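Written below as structure tokens is the structure these notes are about.
Values in this document were obtained by computation on a predicted structure and should not be read as measured data. Numbered from 1 within each chain, the chains take letters A, B, ... in sequence-line order.
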Amino acid sequence: MASQLSVGAIAAIMEGDKRDKPVFQIVGCKKLQASSTSKPGDRYRLLLTDSIHNCSVMLATQLNPKVTSGYFHAKALIQMTNYTCTAIAPNKKVIVILDAEIVADAQSVGDKVIGNGKLYQGSSTSNQPIPQGTSRPMQGNDMNSPSSKQGFQSNIQSPVASSKGSYGGNFSRVGAGMNNNMGSPPKCQPIASLTPYQNRWTIKVRVTNKSDIRTWSNSRGEGKLFSMDLVDQSGEIRATAFKDQCDKFYDMVEKGKVYFLSKGTLKPANKQYTSIKNDYELTFNSETTMMPCEDEDSTIPNVQFDFRTISDLQDINPDSMVDIIGVAKSAGDVQTVTIRSSNREVAKRDVSVIDDSGKVVNLTLWGKEAEGFDASSNPVVAVKGARLSSFGGRSLSVLQSSIFQINPDIPRAHSLKGWYDSEGHQQEAQSISENRTMGGGGSTNWLTFQEVQQQNLGSGEKPDYFTTKATILFAKKENCMYMACPSEQCNKKVIENGDGTFRCEKCSKDYHEFQYRLLLQCNVADMTDNQWITCFQETAEAILGRKADMLGALRDQDEAEFNQIFQDAFFSDYIFRMRIKMETYNDEARMKCTCLSVQKLDPAEYAKKLINDIKTLAVS
DNA sequence: CCCCCCCC
């Protein structure tokens, strides 16, 4: 078996000799950089031996599953079917494995490391000192570091790398290509090899996503930016161009095109905002150059997905970014929602997506993507960088930064479509996004008022939502309605001009009529506590059992009857959907609890829910 | 240097 080894190939490759599909033995594996808690950023290095030399090589991220699955295992023989060897600094080269397979497992080589290879530290003929600013050589003992999460054990003593060794021998100058005027094609290195510790580099990348220009203004200043996702065979990276660079590069950057990109600032990526698999992000600076690649290089891949199954989503932390693919089983109508913070209106559509894990998840589309989406042909939808939320259990939202594709031409899409057409469509599938039955609206998060307090709901940046069963104790008659603008959707309070007309400041208009709107303060109680809540028009009408205009007329004409309506409303049970948020009025902070929907208690339905709760308790 | 991504 050992005869399969490509003896001497490590030195040969590092010295510029292209070897076809060389076979090495895996000595160990190391997971790089425990910088992030999020799963996607992992990157691995393998320590390989050809029995003469050992060498640490990087793995392209698409091969991560071959590490985590245990397919790449210590002592096994690995054949590199596709790889690059690139100079990343004058005296340093790195091999990146783009594809490889195991040709003999550990057992078949006696579970022993073959030979007694020494760490490859560069050409023996070269004896140059380590240049300044070069990152340190990869050392064999990295492979055996206790931080390795893979549990690979090497039974050879790793050579103790001496910093006096010499590195590399046969290198080309990298990064100069963009700036010389000789017209020679730039020498490129893989995205995967970029680090903050070198600044002269060129990468050849495809732009797979490009944002609009966005402006910002905050306490740290203001400006504008656009960002883009870049990929090559070795991996991917997110890049952002601010201000001057934003203006300089925005127009030339085209989604789908290939570019030579040289120089820029690398900084640690904030995984919270991206599913791009790189520990770093690239910021353009004044030295950055970008040149379209004339020939459309088909060896540079397009969007790289790392799909999770819908079933997987149940075990992934909410608020993380995920790639997902599935069949659009059905879609709701387009809705228009008003963004509370900005009062903007935006279109929204919920899509039920299923995959062959047998689970369904709700995926929310926004804006144009919502308006234009048609689920009638059950298209495959793929999203890179969707946000997972805990709403209704688990649900997904497509962000501006996401890549949303309908019927992408990738193998997984075709197999899913085939699965759906042949069997998936008739499958009784279970949704991981809660069904909206009990309670009338997203009835997740059933809480008592005491629990709401104990959990400090409402004290965060964003409002919290909960559902509760409670009883109306009291509703204030005083100020329970106001004269509102008669125009559709305005609802703003009008001022009587005194001449029989009514002024709406929001519309800047005078009207001959107004409409009554309800704004009802209710005190409601469950078995743990009571709470003042605000009910607007529809919910107040439901509680009082009368329409607002009718109540307005009654108040003016028949006060006794008006009072009776309130009396009748007390001590009724409802299921309330609430929004709670700390708000400040005249420097006074108080918890504001708004009723979003209300449904008269159906005792039989509620009893079913309670029985279900008891069953759940009994199991856990 | 952004990082908002909405609704419930």
Side-chain angles (χ1 to χ4, degrees), chain A residues 38 209 211-229 238-247 250 264-265 267-276 281-286 318-321 332-351 362-370 383 385-404 433-446 461-467 538-539 575-581 594-599:
Chain A
S38 69
N209 203 17
S211 79
D212 293 333
I213 292 180
R214 199 173 69 239
T215 59
W216 84 89
S217 174
N218 59 31
S219 57
R220 290 181 296 278
E222 57 180 67
K224 58 170 148 177
L225 69 112
F226 81 102
S227 56
M228 67 215 99
D229 300 342
R238 182 160 180 252
T240 305
F242 290 96
K243 298 175 187 173
D244 292 351
Q245 281 74 247
C246 175
D247 291 334
Y250 185 79
T265 308
K267 55 169 199 174
N270 193 341
K271 307 280 182 172
Q272 192 183 341
Y273 303 116
T274 178
S275 72
I276 297 288
E281 282 185 359
L282 178 56
T283 302
F284 284 24
N285 60 33
S286 57
D319 301 323
S320 42
M321 308 287 277
D333 296 331
V334 188
Q335 293 167 268
T336 305
V337 295
T338 305
I339 305 316
R340 277 174 55 75
S341 54
S342 61
N343 232 19
R344 267 180 324 117
E345 282 192 344
V346 63
K348 162 202 152 166
R349 192 197 297 266
D350 288 333
V351 182
N362 184 69
L363 174 72
T364 303
L365 309 181
W366 300 93
K368 293 231 178 330
E369 276 162 356
V383 193
R387 171 162 293 157
L388 182 64
S389 94
S390 59
F391 182 72
R394 286 287 187 279
S395 50
L396 293 168
S397 185
V398 174
L399 311 183
Q400 305 272 11
S401 56
S402 309
I403 300 174
F404 177 66
S433 310
E434 191 171 307
N435 299 315
R436 312 291 178 80
T437 49
M438 184 91 228
S443 55
T444 186
N445 215 14
W446 284 84
E461 190 89 1
K462 289 192 171 182
D464 290 304
Y465 297 85
F466 67 97
T467 300
E538 293 77 13
T539 52
I575 288 160
F576 294 92
R577 180 75 187 155
M578 308 276 210
R579 174 178 58 226
I580 187 163
K581 173 91 179 77
T594 307
C595 174
L596 300 172
S597 75
V598 65
Q599 201 175 60

Any donor-acceptor pair, under 3.5 Å, between the side chain of [X] and the base of [N], if you only look at N and O atoms?
{"X": "A:R344", "N": "B:dC6", "value": "yes"}
{"X": "A:K243", "N": "B:dC1", "value": "yes"}
{"X": "A:E281", "N": "B:dC3", "value": "yes"}

Distance check needed: [N] [atom2] versus [X] [atom1], whole Å only.
{"X": "A:R349", "N": "B:dC6", "atom1": "CZ", "atom2": "P", "value": "18 Å"}
{"X": "A:L399", "N": "B:dC3", "atom1": "CG", "atom2": "C1'", "value": "11 Å"}
{"X": "A:D212", "N": "B:dC2", "atom1": "CG", "atom2": "C1'", "value": "14 Å"}
{"X": "A:Q335", "N": "B:dC7", "atom1": "CD", "atom2": "P", "value": "13 Å"}
{"X": "A:L365", "N": "B:dC6", "atom1": "CG", "atom2": "C1'", "value": "14 Å"}
{"X": "A:F226", "N": "B:dC2", "atom1": "CZ", "atom2": "C1'", "value": "13 Å"}
{"X": "A:L363", "N": "B:dC5", "atom1": "CG", "atom2": "P", "value": "17 Å"}
{"X": "A:N270", "N": "B:dC2", "atom1": "CG", "atom2": "P", "value": "11 Å"}

Margin query: Students often get this wrong, so: under 4.0 angstrom with heavy atoms, is A:S227 touching a base, only sugar-phosphate, or nothing?
Written below: nothing
Check: Contact class for A:S397 vs. all strands (heavy atom < 4.0 Å): base, sugar-phosphate, or nothing?
Finding: sugar-phosphate
Notebook entry, point to check: Which residue lies toward the 5' end of DNA chain B, A:F284 or A:R214, if each is placed at its nearest nucleotide?
Noted result: A:F284
Next item on the list: Specify the residue among A:F242 and A:R387 whose closest nucleotide of DNA chain B lies further upstream toward the 5′ end.
Entry: A:F242
Check: Quick one: does A:L596's side chain get under 4.5 Å of A:T539's, heavy atoms only?
Finding: no
Choosing from [options], which nucleotide comes nearest the side chain of [X]?
{"X": "A:T364", "options": "B:dC1, B:dC5, B:dC7", "answer": "B:dC7"}
{"X": "A:T283", "options": "B:dC4, B:dC1, B:dC8", "answer": "B:dC1"}
{"X": "A:W366", "options": "B:dC1, B:dC7, B:dC8", "answer": "B:dC7"}
{"X": "A:Y465", "options": "B:dC2, B:dC7, B:dC8", "answer": "B:dC8"}

Check: At their closest point, which heavy atom of A:A269 faces which heavy atom of A:E281, and how far apart are they?
Finding: CB-CG, 3.6 Å
Next item on the list: Determine the minimum heavy-atom distance between A:R238 and A:S227, stating which atoms define it.
Entry: NH2-OG, 3.4 Å
Next item on the list: Output yes when at least one side-chain N/O atom of A:R340 is less than 4.0 Å from OP1 or OP2 of B:dC6, else no.
Entry: no
Margin query: Can you see if the side chain of A:K462 gets near the phosphate of B:dC5 - specifically, an N or O under 4.0 Å from OP1 or OP2?
Written below: yes
Check: Can a salt bridge be assigned to the pair A:D350 and A:K348 using a cut-off of 4.0 Å between side-chain N and carboxylate O?
Finding: yes
Margin query: For A:W366 together with A:F404, are the ring centres under 6.0 Å from each other?
Written below: no
Next item on the list: Consider only side-chain N and O atoms of A:S395 and A:S389, and report whether a donor and an acceptor are under 3.5 Å apart.
Entry: yes
